[in-house]
Amino acid sequence: MTTIDIHEGETSRKELDNLEKNLARVDALTQRLVAALSKGRQVPTALQGPSKELYAKAAGAYWTEMVNNPAKLIEHQLSFWSKSVTHFVEAQALLAQGHIAAPEDKTPPDRRFSHELWRTNPFFNFVKQQYMINAEAITQAIDDVETLDPAEKRRLRYFGQQIVDLFSPTNFLATNPEALSLAVETEGESLVKGLENLVRDLEANNGDLVVTLADKDAFTVGENLATTPGEVVFRNHLFELIQYTPTTKTVFETPLVIFPPWINKYYILDLKPENSLIKWIVDQGHTLFVVSWVNPDPSYADTSMTDYIQDGFLQAISTVKAICDVPQINAIGYCIAGTTLSLTLALLAQRGDASVKSATLFTALTDFSDRGEVGVFLDEDFMNGIELEVAKTGILDKYYMSRTFSFLRSNDLIYGPAIKSYMLGKAPPAFDLLYWNGDATNLPGKMAQQYLRGLCQDDKFASDGFDVAGATVQIGQITQPICAIACETDHIAAWKSCFRGVQKMGSDDKTFILSGSGHIAGIVNPPAKKKYGHWLNPDLSLEPDAWRDTASQQEGSWWPHWQAWLAEKSGEMIPPRAPGSPKFPPICPAPGTYVT
């Protein structure tokens, strides 16, 4: 036997050994997969997608178009078939000439198809181009339907796009060249690891398929996230109040309190020192307090918007005033907390209480007349499903909230991560923002219904008034100086809607800043990064588009501009304050206990 024969034999035995090991792993993983899937929650029918009535109306509208305007639909169909046949003929012609290459590809750039085989391999390029032609045809068919109500058409367009995105060839192993190539290179190891990742996610979420976006072992809140020094100085059933340790020789007299959204945890504003808004604010000389909300369980079922205002916002404001021995504070509200801060300001105005000197709103909706992309989840079919769910469980589980927001960016937050994890077998990245994104919270049942019905659906705060804490509050009652920051590509709080809300406020001192990027990146944008830019325009009497068209574009972060605005509302410089006071001594170090 030659040396070559010996090596070939050893290689063959090694390959067989690897195959046997992988088959054993697959068998064990399959058993775990079946067991995990059996534990998955039964998602209410009403929360699985829009009611069938929407699609029935769309089909009826399409047939009406066919009867009333057949020429347009025939033209549409001919265009689709022409592009499909031309594409097929071009591919066939190259093969007939002996060219194993893809035909000319004029489809627009798309990150999903960045792997080179989508461009160079004739089969995968054919699949990709045909998918793009199909997607264009479906989008055009939806746009051509003219007899639907605008809100229904918006929903049809959104859910139609969801279906188009779902059926992308990148989402299927047989038509994903990157996954197939890697499987060959690794002798199937990547697929086995992908199955391991799939089983891990199912087991970690009790049978619910939630893709792990970030390496959970790479971060620990309080160790390498949320590390700005401070102390919890107050705690009740709804929140812990953190006061941060000063870093400057003097501080502004008027303290500042941040109310983050209770849909997620506060440390999005304190991920790490380099991008921590909390640390940056402290370093500018502010005595800073941050509310860390509790993560509600079913015992909070009857917690209402009034409870959040009275036991949350008003309690935090009075506590900060007492600790700092001042008559007024400045406040920040982010997202839903910005909406609720606005309700609180209107309530204080009715009571003649001037405790809040100025307010800053981060991506906060107060006018819900146009709910933007998230509005597709706020019609009766979904609302009925949510009400049935909270009646049964007492809470709106974080699963539904995180899935809703993920589907606003499904390619980035669902399909893309799933491909990397389950098809390519890659470990999730050590990415702090994605780690936070996966650390979601529940909402109390009563509060969720009041917010979604009274504010989001009925737009009562910007119209006839929203009932809360024994009063009916309206947006025009807000008179404090307001600085509102909205984000250009925000999928959750559309900037134009944020702008319209500020326009309706009764304050004579209003500033609006439009930041580049989206709901998170547009806010967490430290100056050192010199990213995104922002727009300024003092004329808030204009329509949103006209405001934007005549605004001055500024480079980099909006933080310094806002700090200059806030400094004018923050009083004289005084000696720094240590966390707590005799009446409110420190309870435990930041980040506290509610955030874990």
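Throughout, residue positions are numbered sequentially from 1 according to the sequence presented.
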For a 4.5 angstrom cut-off between non-hydrogen side-chain atoms, does S168 reach Y131?
yes

Taking atom OG of S410 and atom CD of Q161, what is their separation to the nearest 0.5 Å?
8.0 Å

Counting neighbours of CZ on F172 that are heavy atoms of other residues, nucleotides or ligands and sit closer than 6.0 Å, is the number greater than 12?
yes

N/O donor-acceptor pair under 3.5 Å between D105 side chain and R119 backbone:
no

Closest non-hydrogen contact found for F407 with Q162 is O-NE2, 2.9 Å

Side-chain ion pair, K496 and D370, N-O less than 4.0 Å:
no

N/O donor-acceptor pairs under 3.5 Å from side chains in residues 429-443, not counting sequence neighbours:
| unit_1 | atom_1 | unit_2 | atom_2 | d |
| --- | --- | --- | --- | --- |
| W436 | NE1 | K265 | O | 2.8 |
| D439 | OD1 | K265 | NZ | 3.1 |
| D439 | OD2 | Y267 | OH | 2.7 |
| T441 | OG1 | W262 | O | 2.7 |
| T441 | OG1 | I263 | O | 2.7 |
| N442 | OD1 | K398 | N | 2.9 |
| N442 | ND2 | P296 | O | 2.9 |

Name all residues meeting the salt bridge (charged side-chain N to carboxylate O under 4.0 Å, His left out) criterion together with R157; count only those two or more places apart in sequence or in a different chain, and write none if there are none.
D143

Without swapping roles, check the side chain of W558 against the backbone of G522 for a donor-acceptor pair under 3.5 Å.
yes

Can you label the angle between the F499 ring and the F512 ring as parallel, tilted or perpendicular, going by 30° and 60°?
perpendicular

Whether T220 side chain and E223 backbone form a donor-acceptor pair below 3.5 Å:
no

Can a donor-acceptor pair be found between the side chains of H534 and Q554 at a distance below 3.5 Å?
no

Using the test side chain to side chain donor-acceptor pair (under 3.5 Å), find all partners of R500 that sit at least two apart in sequence or belong to another chain.
none

Spacing of Y422 atom OH and L173 atom CG [to the nearest 0.5 Å]
15.0 Å

Test your reading of the model: is there a side-chain donor-acceptor pair from W559 to the backbone of I523, 3.5 Å cut-off?
yes

Could you tell me whether R32 and E203 have a side-chain N and a carboxylate O separated by less than 4.0 Å?
yes

Taking atom types as modelled, is there a side-chain donor on T107 or K128 under 3.5 Å from an acceptor on the other?
yes

4.5 Å side-chain heavy-atom contact, P428 and L213:
no

A side-chain contact here means heavy atoms from C-beta on lying under 4.5 Å apart; do V210 and Y399 qualify?
yes

If you count heavy atoms of other groups shown closer than 6.0 angstrom to NZ of K153, is the number above 12?
yes

Heavy atoms, side chains only, cut-off 4.5 Å: are F368 and S497 in contact?
no

T139 side-chain N/O to A135 backbone N/O, donor-acceptor pair under 3.5 Å
yes

Straight-line distance of N176 CG to L424 CG, nearest 0.5 Å:
6.5 Å

Under a 3.5 Å threshold, yes or no: a donor from one side chain and an acceptor from the other, between W562 and T360?
yes

Sidechain-backbone polar pair: N197 side chain, S421 backbone, donor-acceptor under 3.5 Å:
yes

Please confirm whether the backbone N or O of D381 pairs with a side-chain atom of D379, one donor and one acceptor, at under 3.5 Å?
no

To the closest 0.5 Å, what do you measure between CE (M423) and OG1 (T170)?
7.0 Å

Going by heavy atoms in the side chains, are L269 and Y334 under 4.5 Å from each other?
yes

Cation over ring, R41 on Y400, under 6.0 Å and within 45°?
yes

Taken in chain and number order and not counting sequence neighbours, the residues that satisfy side chain to side chain donor-acceptor pair (under 3.5 Å) with D490 are H519

So, does N275 use its side chain to make a donor-acceptor pair with the main chain of K272 at under 3.5 Å?
yes

Using the ring-ring contact (aromatic ring centres under 6.0 Å, His included) definition, which of the options F126, F123, F113 pairs with W118?
F113

Without swapping roles, check the side chain of D397 against the backbone of E389 for a donor-acceptor pair under 3.5 Å.
no

Hey, are E196 and R25 close enough for a salt bridge, meaning a charged N less than 4.0 Å from a carboxylate O?
yes

Test: salt bridge (Lys or Arg N to Asp or Glu O under 4.0 Å). Region: residues 165-182. Which pairs qualify, not counting sequence neighbours?
R112-D165

Measure the shortest side-chain to side-chain distance between S557 and Y532 over non-hydrogen atoms and say whether it is less than 4.5 angstrom.
no

How long is the straight-line distance from CZ of F362 back to CD1 of I513, given to the nearest 0.5 Å?
9.0 Å

Crowded around E274 CD? As in, over 12 foreign heavy atoms under 6.0 Å?
yes

If every non-hydrogen atom of F124 is compared with every non-hydrogen atom of L117, which pair is closest and at what distance?
CB-O, 3.7 Å

Restricting to side chain to side chain donor-acceptor pair (under 3.5 Å), what partner residues turn up for S38, sequence neighbours left out?
none

Could you check whether any side-chain N or O of D201 sits under 3.5 Å from a backbone N or O of T212, counting only pairs where one atom can act as donor and the other as acceptor?
yes

To the nearest 0.5 Å, how far apart are OG in S406 and CG in D412?
10.5 Å

Do L29 and V192 make a side-chain contact, defined as non-hydrogen atoms from C-beta onward lying under 4.5 Å apart?
yes

Give me the ring orientation class for F377 and F382: parallel if the planes are under 30° apart, tilted from 30 to 60°, perpendicular past 60°.
perpendicular

May I ask you to test the C487-S517 pair for a side-chain heavy-atom distance under 4.5 Å?
no

